[in-house]
Amino acid sequence: MAMGKPVFLFASALCLLSLFGLAHCEPRLFVEGKVYCDTCRTQFVTKASVYLKGARVKLECRESEKGSVTLSAEADTDATGSYSIPVDGDHEDEICGVQLVRSSDAECSEISSEPFQQNKARVSLTTNNGIASPVRQANPLGFLKNTPLPECKGVLRELGMTKDDLV
């Protein structure tokens with residue numbers, strides 16, 4: 001019986017210490033999204049859009065007041081046009097967004113310069129926002145194709161739009 005008490009105390013201490021380790025862990029989040037080729041130059045995903053393998057994106061967080069960069073990470077897309085960027089730590093008081101860096105397709109590499117166009121997908125990188133999952137989904141980002149595909153007229157017609165409806 002004397003041998004059981006020290007083993008129990010040791011096991012209890014080990015469990016307690018492991019709980020302290022969990023309590024002080026930095027959160028690990030994942031920013032995920034997709035990059036596409038905007039083959040109709042609509043500046044949104046259509047059925048004619050193609051997801052790009054090998055495109056590069058950059059995640060950047062900045063202080064909300066001074067604007068200093070606090071986090072910068074890049075990633076390339078896989079065969080489905082998807083990327084995943086791991087992020088350590090909480091960035092609740094920062095403004096974070098993913099932006100396009102480089103296309104893998106020379107015929108589809110233009111980044112829109114329209115003043116209304118936000119060429120960045122904002123993401124909330126905190127565990128203090130009610131989202132249980134560690135994955136933060138960014139809106140799709142698209143490169144513009146140099147020349148729209150011929151089938152785009154039909155795609156726009158299906159959406160009830162014409163070429164004149166696009167900016």
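Everything numeric in this text was worked out from a predicted model, so none of it was measured.
Between the CG atom of L141 and the NZ atom of K34 there is a distance of 12.5 Å, given to the nearest 0.5 Å. Between the SG atom of C152 and the CE atom of M161 there is a distance of 11.5 Å, given to the nearest 0.5 Å. Atom NZ of residue K53 and atom CG of residue D105 lie 13.5 Å apart, to the nearest 0.5 angstrom.
A donor-acceptor contact shorter than 3.5 Å links the side chain of R136 to the backbone of S124.
For K47, the salt bridge (Lys or Arg N to Asp or Glu O under 4.0 Å) criterion is met by E158, not counting sequence neighbours. When the side chain to side chain contact (heavy atoms under 4.5 Å, CB included) test is applied to S109, the partners found at least two apart in sequence or on another chain are S103.
A continuous path of hydrophobic side-chain contacts links V57 to I111 [ILVMFWY only; heavy atoms under 4.5 Å]. The hydrophobic cluster containing L144 does not contain L100, counting ILVMFWY residues as joined when their side-chain heavy atoms lie under 4.5 angstrom apart, directly or transitively.
Taking all atoms of both residues into account, the shortest heavy-atom contact from C61 to L125 is SG-CD1, 3.7 Å. Residues G81 and Y51 approach most closely at CA-CB, 4.0 Å, considering heavy atoms. What you find for N128 and D90 is that their closest heavy atoms are N-OD2, 4.4 Å. In terms of heavy-atom proximity, A48 sits nearest to L149 at O-CD1, 4.5 Å. Considering all non-hydrogen atoms of both residues, A138 and V31 come closest at CB-CG1, 4.4 Å. Nearest heavy atoms, H91 versus D88: NE2-O, 3.4 Å.
Looking at N146 and R41, their side chains never come closer than 4.5 Å, going by heavy atoms from C-beta outward. Looking only at side-chain heavy atoms (C-beta outward), L29 and V135 stay at 4.5 Å or farther from each other. The shortest side-chain heavy-atom distance between R122 and C96 does not fall under the 4.5 Å cut-off.
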Requested in this report: Any chance you could lay out the side-chain contact (heavy atoms from CB on, under 4.5 Å) test for L52 and Y36, step after step, and finish with the verdict?
Outcome: CA-CA 5 Å; L52 294 173; Y36 66 99; 5.9 Å; no
Report task. Would you check, one step at a time, whether the test side-chain contact (heavy atoms from CB on, under 4.5 Å) holds for F143 with V35? Result -> CA-CA 8 Å; F143 288 99; V35 176; 3.8 Å; yes
Query raised in the report: Under the side-chain contact (heavy atoms from CB on, under 4.5 Å) criterion, do E32 and V98 qualify, and how do the steps go?
Result: CA-CA 10 Å; E32 296 181 356; V98 181; over 6 Å; no
Requested in this report: Given side-chain contact (heavy atoms from CB on, under 4.5 Å), test T46 with L159 step by step and report yes or no.
Outcome: CA-CA 9 Å; T46 66; L159 294 170; 4.3 Å; yes
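Legend: side chain to side chain donor-acceptor pair (under 3.5 Å) pairs involving residues 69-78, not counting sequence neighbours, sorted by first then second residue: R56-E74, R56-D76, T70-E94, D78-T80.
Between R62 and E60 there is a salt bridge, since a side-chain N of the basic residue sits under 4.0 Å from a carboxylate O of the acidic one.
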